[in-house]
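Order of listing sets the numbers, starting from 1, for every ligand and every atom in it.
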Amino acid sequence: MPNSSFCVYQIRQHFPILNQTINEHPLIYLDNAATTQKPQAMVDAVAAYYLHDNANVHRASHHLSLRATGAFEAVRETVKTFINAESIKEIIWTKGTTEGLNLLANVLSKGLQTGDEVIISALEHHANIVPWQMLVESHGIVLKIIPLTAQHDLDLEAYQSLLSEKTKIVSVTHISNALGVINPIKEMVRLAHQVGAQFIIDGAQAVGHQTVDVQDLDCDYYVFSAHKLFAPTGVGVLYGKQHLLEALPPWQGGGEMIKTVSFEKSTFNQLPFKFEAGTPNISGVIGLGAAIDFLRAFNRQDLIDHEQSLLTYTEKALSEIPAISVFNPGGIKSGALSFAVQGEHPSDIAMLLDAQGIAVRSGAHCAMPLMAELNCIGTVRVSFSMYNTLEEAERFIEALGKILEMLK
Ligand code: PMP
C-alpha cells in the first residue's frame with residue numbers, strides 16, 4: 001500500500017502499464033476520461049479472488065461461497081463510506097453508468113405520464129440522452145435541454161426558466177466528459193427540489209477527480225462506473241435514497257432479486273438485491289473495493305491539487321498557441337480539457353500524437369449533440385489522472401508544437 005504523502009513518481013510505481021514505450025517513445029497516457037489505468041493492488045485483489053475464493057455469492061452455505069459473499073458485501077460498505085451514503089441498501093451494483101441510467105429511466109418511467117417533463121443538459125454523454133429519448137417515444141414525455149452559455153458552461157438562468165411543476169426528473173452530469181466542465185450540481189439539485197423534481201447525477205467523470213458526498217449534494221440518485229476509478233470494466237454503482245428506491249418497482253427479473261417465486265406470482269427481495277437480478281460481477285466489485293482502498297491511502301486533496309495544476313498548465317500553454325482554441329476557456333474544469341486546431345481534423349492530431357507515444361482521445365466523445373452545439377465535428381481531449389506528471393504535460397505541448405509546425 002502506498003504511503004499517504006503525495007509523490008507522483010511513487011504513485012506511478014503502482015501502475016505497471018505506464019512503464020512502456022509506444023512507437024519508441026515512453027507512453028504518455030492522457031485518455032483517463034475514457035478509462036483509468038489500474039493499480040497493481042487492484043489487479044492483485046481480483047487475481048486473489050479468482051485464485052483463492054472464487055464461488056457464487058449469496059447462494060451456498062459452503063466455505064468458499066461464504067468467503068466470496070463476505071468480500072463482495074464488504075465492498076458495499078466501502079462504497080457507502082466513499083460517497084457518504086446513509087445505508088448499504090442505497091448501493092446497487094450495475095454494469096456501469098450506462099446501465100445505471102437505463103435502469104433509472106426504465107423504473108422511473110412507470111410513474112411518468114404523457115406531458116411530464118425531463119430536463120437534461122447540452123453537456124450530456126449519449127448515456128444520459130438516449131434512455132430519456134426512448135421515453136419520449138414510449139411514454140410521451142417531453143425532453144427539455146439546458147443550453148450552454150457562450151463560455152460553454154450550463155446556462156443556469158435558462159435552467160431555472162425550464163423548471164416548473166411539470167418537471168419530474170432532472171438528469172445532469174456532474175463533470176462533462178467532453179469538456180471537463182464542472183457543473184454547479186448542488187445548486188441545480190436544490191432548484192429542482194423546489195419544484196418537486198427528482199435529481200439524477202451522472203457521476204462517471206466526477207468520482208475519479210472529486211470527493212463525492214451524496215448527502216451533501218442531496219441528489220436523489222448518483223451513478224458511476226468503476227473503470228473510471230482505477231477498477232475493472234463491467235461494474236458500476238447506482239446510489240439512490242433509500243425511501244425512493246423502496247418505492248420503485250424492480251427492473252430486471254431473475255435470481256437474487258426475488259423473495260419467493262411461484263408460477264402465479266413472485267415477491268421481490270429487499271434493497272439492494274431488488275435491483276440486482278442474476279449473478280453479479282463479483283470480481284469487478286472486489287476490484288472496485290481494492291481500488292477505493294488504494295485511493296483512500298492518499299490525501300484526496302493532494303491528488304485534486306496535482307491534477308488541477310496539470311490542467312492549469314496545459315490550458316495556459318494551449319491558449320498561447322494561435323491555431324488552437326480551448327473549449328470552456330478559463331472555466332472551472334476538472335480532469336479533462338478539449339480543444340480544436342484550426343484547419344485540422346481532431347483525429348489527425350490524435351494520430352500524430354500517438355506516433356510520439358501520447359494517447360489522447362479525438363472525436364465526439366459520445367456527445368454528438370454537444371458537438372452540434374459547439375459547431376464542430378469533434379475535439380481533441382486530454383484528460384489527466386493522479387499518475388500524470390508535469391513533464392508529461394510539457395512533452396504533450398512540445399509534441400503538439402512539432403505537429404503544428406509540420407502541418408504548416
Ligand atoms: N457519462 C459520462 C459523463 C461518461 O464520461 C461516460 C463514459 N465515457 C458514461 C456516462 C458512460 O459510462 P460507461 O460507458 O462506463 O457506462
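For ligand 1 and His227, the ligand atoms under 4.0 Å from any heavy atom of the residue are 15 (O). Atoms of ligand 1 lying under 4.0 Å from at least one heavy atom of Asn177, given by number and element, are 3 (C), 5 (O). In summary, the atoms of ligand 1 found under 4.0 Å from a heavy atom of Ser225, numbered by their order in the structure, are 12 (O), 13 (P), 15 (O), 16 (O). In summary, the atoms of ligand 1 found under 4.0 Å from a heavy atom of Thr173, numbered by their order in the structure, are 3 (C).
Glu187 and Arg190 are joined by a salt bridge, as a carboxylate oxygen and a charged side-chain nitrogen come within less than 4.0 angstrom of each other. Between Arg12 and Glu392 there is a salt bridge, since at least one side-chain N of the basic residue sits less than 4.0 Å from a carboxylate O of the acidic one.
Under the 6.0 Å cut-off for aromatic ring centres, His58 and Phe273 qualify, their centroids lying closer than that.
Summary of contacts: the protein heavy atom closest to atom 8 (N) of ligand 1 is Lys228 NZ, 2.6 Å. Looking only at protein heavy atoms, the nearest one to atom 5 (O) of ligand 1 is Gln205 NE2, 2.7 Å. Protein heavy atom nearest atom 14 (O) of ligand 1, with residue, atom name and distance: Thr98 OG1, 3.6 Å. At the shortest separation from atom 10 (C) of ligand 1 among protein heavy atoms lies Asp202 OD2, 3.4 Å.
For Ile332, the CD1 atom is loosely surrounded, since the number of other residues' heavy atoms within 6.0 Å does not exceed 12.
In this structure, Phe6 and His306 have tilted ring planes: the angle between them lies in the 30° to 60° band. The aromatic rings of Tyr29 and Tyr387 lie tilted to each other, with the angle between the two planes from 30° to 60°.
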